[in-house]
Amino acid sequence: MLKLDVIVIGAGAAGLFCAAQAGQRGRSVLVLDHAKRIGGKILMSGGGRCNFTNMYASAENYLSANPHFCKSALSRYTQWDFIALVADYGITYHEKTLGQLFCDDSAKDILNLLLRECDKAKVQLRHPVEIQHIEKTADGFTLQTSQGLFGCESLVIATGGLSIPKLGASPFGYKVAEQFGLTVLPTRAGLVPFTLHEQDKQVLAELSGVALDASAAVDDTSFRENILFTHRGLSGPAVLQISSFWQPGQTVHFNLSPQHNLLDWLQAEQSSHPDAQLSTALSKLYPKRFVQIALEYFALTNKPLKQYQGKQLEQVASAFTDWALKPNGTEGYRTAEVTLGGVDTHQLSSKTMQANNVPGLYFIGEVMDVTGWLGGYNFQWAWSSGWVAGQVV
Ligand code: FDA
């Protein structure tokens, strides 16, 4: 049996970063992954440019049943620490919007950074390898795998969530948590496009490719960014953000005119261009194709502006500014960027990520019930949680 100080299961963002930290402290570290090709999510992230952190990352940008849990790790290894590391590697980057930092060149730069950090720390990496069985021993853990038996003092579970199964996602981490008596909170897809009921889809699918500045709200939470009509439903950053707050059956409220008071604007148009058709006026704000289909979808009559009574103009404005849509569902884990829920953090130390009742067992990254907004927050959680565990394993 090969014995090591630390075994990390999962060679994703959190696992590689944690392994490098532990290795740099002089610990012998082995990372195991069942994927043929590692780093798939990193390479795919941010449209191939990896939105590796967010300048404004703080606990408010994360969803969790235990909202204070992430504070300690985020404050001990901050976005500025990771930005400094990126700069040390000579990787150039830019802010796209809202504090979101992307590589100028390619997400490969981030994967190479992680692999070089592991290399410097003499971390061993084996994949593809199947982990068949884990057992607790008096001084650590033994792992039965497709490459033989391994032993370790500290075992780190960094197997992520359920999103994008074709990139290697599996429920492995949840099963390990349950094996050791930890609770796993119900999981669901987050940062994911909405699908539509048939009657909505029939009309709106024609808008596939149209993007609009809008705000999307569920209860008291709202996000203003683009929404994108697709042939399956609705996507775009504002939709992905609100999807993490949406529960099946809930209505989403869209304001398709977040930049104007639409009623004031329509009244001004009515005074200045009384003979213009409603569709002509609205085409100053929206793509023509959208206006045509939106009038049909909202069952609004198209006629010269002067023919609209005050109440009718209010109806037009409110159709566009309080569009209440009940999605049919989401596209699910197939396209979701993250998994909400997971290992209950009430049973972990927020300082080290160690399971309170299982000395030597750690959970880091997306496998636990800490889920960031869209915009680099999820990678920051992988770095912060991986780093704090890496100091003690
Ligand atoms: P991650 O999923 O990265 O790694 C888990 C590893 O465990 C994988 O290598 C997997 O093969 C391995 N594994 C799973 N089951 C196993 C088993 N049974 N045995 C052995 N190994 C196993 N976030 C962000 O901040 N900015 C962004 O730009 C994006 N973009 C983005 C795009 C897309 C398409 C997706 C799907 C996701 C994003 N994200 C993102 C989210 C981000 O990628 C995600 O939160 C982190 O990769 C999570 O890191 P982890 O290391 O926890 O899991």
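Counting starts at 1 for both ligands and their atoms, in listed order.
The heavy atom nearest to atom 3 (O) of ligand 1, out of those in P128, A13, P165, is found in A13. The option with the heavy atom closest to atom 14 (C) of ligand 1, from among C103, A158, G168, is G168. When K36, E337, R49 are checked for heavy-atom proximity to atom 33 (C) of ligand 1, E337 turns out nearest.
Counting heavy atoms closer than 4.0 Å to ligand 1, residue Y377 contributes backbone atoms (N, CA, C, O) but none from C-beta onward. At a heavy-atom distance under 4.0 Å, atoms from both the backbone and the side chain of S45 approach ligand 1. When non-hydrogen atoms are compared, ligand 1 lies under 4.0 Å from the side chain of I164 (C-beta onward) but not from its backbone.
Under the 6.0 Å cut-off for aromatic ring centres, W387 and F82 do not qualify, their centroids lying 6.0 Å or more apart. F320 has its ring centre less than 6.0 Å from the ring centre of F298.
By the 4.0 Å N-to-carboxylate-O rule, E331 lies close enough to R334 to be salt-bridged with it.
When each atom of ligand 1 is checked for a heavy atom of G10 under 4.0 Å away, the hits are 6 (C), 7 (O), 12 (C). Interface of G160 with ligand 1, defined as ligand atoms under 4.0 Å from a residue heavy atom, comprises 5 (C), 52 (O), 53 (O). Interface atoms of ligand 1 facing G12, defined by a heavy-atom separation under 4.0 Å, are 3 (O), 4 (O), 6 (C), 9 (O), 51 (O).
In terms of protein heavy-atom proximity, atom 43 (O) of ligand 1 is nearest to F379 CZ, 3.4 Å. Of the protein's heavy atoms, H34 N, 3.2 Å lies nearest to atom 21 (N) of ligand 1.
The environment of CD in Q132 is crowded: more than 12 heavy-atom neighbours from other residues, nucleotides or ligands sit within 6.0 Å. Sparse packing is recorded around NZ of K326, with 12 or fewer heavy atoms of other residues, nucleotides or ligands lying under 6.0 Å away.
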For this session: Begin with the C-alpha distance, continue with both residues' side-chain angles, and end with the deciding distance and a verdict on salt bridge (Lys or Arg N to Asp or Glu O under 4.0 Å) for E153 and K3.
Result: CA-CA 9 Å; E153 269 174 36; K3 284 213 87 176; over 6 Å; no
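Ring geometry for F223 versus F245: interplanar angle of 30 to 60°, hence tilted. Aromatic ring pairs are classed by plane angle as parallel below 30°, tilted from 30° to 60° and perpendicular above 60°; the pair H94 and F102 is parallel.
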